[in-house]
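Labels below follow one simple rule: chain letters A, B, ... track the order of the sequence lines, proteins then strands, and each chain is numbered from 1. Both backbone and side-chain heavy atoms feed into the values below; hydrogens, waters and symmetry mates do not.
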2 protein chains.
Amino acid sequence: MGVIRNTKSVQLVTEFFNSTKEAIGVVDLVEKFSEQMNKSTIYRILDRLEDEGKVHAFLGVNGLKHYAKCKDCSHTEHVDVHPHFQCTTCGKVECVSYEISIPKLPNKNIAQAQLLLTGTCERCTS
Amino acid sequence: MGVIRNTKSVQLVTEFFNSTKEAIGVVDLVEKFSEQMNKSTIYRILDRLEDEGKVHAFLGVNGLKHYAKCKDCSHTEHVDVHPHFQCTTCGKVECVSYEISIPKLPNKNIAQAQLLLTGTCERCTS
DNA sequence: TCTTTAATGCAACTCAGTTGCAAAAATAAA
DNA sequence: TTTATTTTTGCAACTGAGTTGCATTAAAGA
């Protein structure tokens, strides 16, 4: 349970997430960095960054894992309450700054809510 | 694009969904009917039932496909606007009768919303 | 510089879901 | 009922995301 080491690969991934506020699917990230690092490495780096709260993870419409770094992501414990939006035309995925209201259910204890919105983004809405 | 044939396997699956209002993961369904029918058959039957609007599909927390037949499921075109709840202790998954309000996003056209609630159910909440 | 410990690459694996194809079972037609 | 047509099924092989064991490499600390 040591410290995250500042390797070349970690730097590359971190820089990427600092450069965009969009979310990205792990598969795309693996493809993007296919020359620089191994698939396993990416999965493991993302795990560590998530543990540290540097990025947060969620599932896209197809059930594929996505990661993003949003403004909420610097807190020690990231509580993922904001929705995500995925464009069904261009595939773009992003965090939505909008606090969703979690419904109360009788006798149930709701710990987390994941809201995924799908449709067409500004560019793809004709 | 013919009619759905009323095979033994279709009957079994249909009866199952009529007997419960809970949702079930495809993996569990394959296990449940492992003696009666093949894995591919289940996947294909579920596809057909979904096309017909007899059941609806959604993804659980782990990204695994789940199906359920709820009261909304007899309409010709099923619009899946209700949330789902998954108990992190016992694993039970169910539809929640609660109309969620889809947030409007500027310049975006939101076609669908998927809300997944996780926590502990009535039985597992101590 | 040396030592310790974490991170990486690689290859092999797991597991959900899909697919091609021949055989079997429903439905429609005769 | 029998025959012809078309959908379903079983099977086995495959795809693709994500994981893992292990030997090697590279950080960080002393």
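- Through side-chain heavy atoms spaced under 4.5 Å, either directly or across other Ile, Leu, Val, Met, Phe, Trp or Tyr residues, A:L59 is tied to no other residue.
- What separates CG of A:D51 from C1' of C:dA7 is a distance of 15 Å, to the nearest Å.
- Listed by chain and residue number, nothing satisfies the salt bridge (charged side-chain N to carboxylate O under 4.0 Å, His left out) test with A:E31 (two or more places apart in sequence, or in another chain).
- Put simply, the side chain of B:T125 never gets that close to the backbone of A:K108: no donor and acceptor are under 3.5 Å apart.
- For the pair A:N62 CG and C:dT18 P, the interatomic distance rounds to 12 Å; values are reported in whole Å.
- Taking the six-membered ring for Trp and thresholds of 30 and 60 degrees, A:H82 and A:H56 have ring planes more than 60 degrees apart, a perpendicular arrangement.
- Going from atom CG of A:L64 over to atom P of C:dG17 covers 12 Å, rounded to whole Å.
- Rounded to 10 degrees, the angle between the two end axes of the helix from C:dT1-D:dA30 to C:dA30-D:dT1 is 30°, with five pairs used at each end.
- Contacts between residues 37-46 of chain A and DNA chain D, defined by a heavy-atom separation under 4.0 Å, are made by A:K39, A:S40, A:Y43, A:R44.
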Show each protein N/O and nucleotides 26-30 of chain C N/O combination with a separation under 3.5 Å, one pair to a line.
residue: C:dA26; atom: N3; partner: B:R5; partner atom: NH1; Å: 2.8
residue: C:dT27; atom: OP1; partner: B:N6; partner atom: N; Å: 3.1

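- Counting to the nearest Å, the P atom of D:dG16 and the CG atom of A:L29 are 19 Å from each other.
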Just distance, no hydrogens or angles: give the donor-acceptor pairs under 3.5 Å from side chains in residues 6-15 of chain A, sequence neighbours left out.
residue: A:T7; atom: OG1; partner: A:V10; partner atom: N; Å: 3.1
residue: A:Q11; atom: NE2; partner: A:N6; partner atom: O; Å: 3.4
residue: A:T14; atom: OG1; partner: A:V10; partner atom: O; Å: 2.7

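- As rounded to whole Å, 12 Å separates atom C1' of D:dG18 from atom CG of A:L59.
- Between the CG atom of A:L12 and the P atom of C:dA7 there is a distance of 16 Å, rounded to whole Å.
- Whole-Å rounding puts the B:Q36 CD to D:dT9 P distance at 14 Å.
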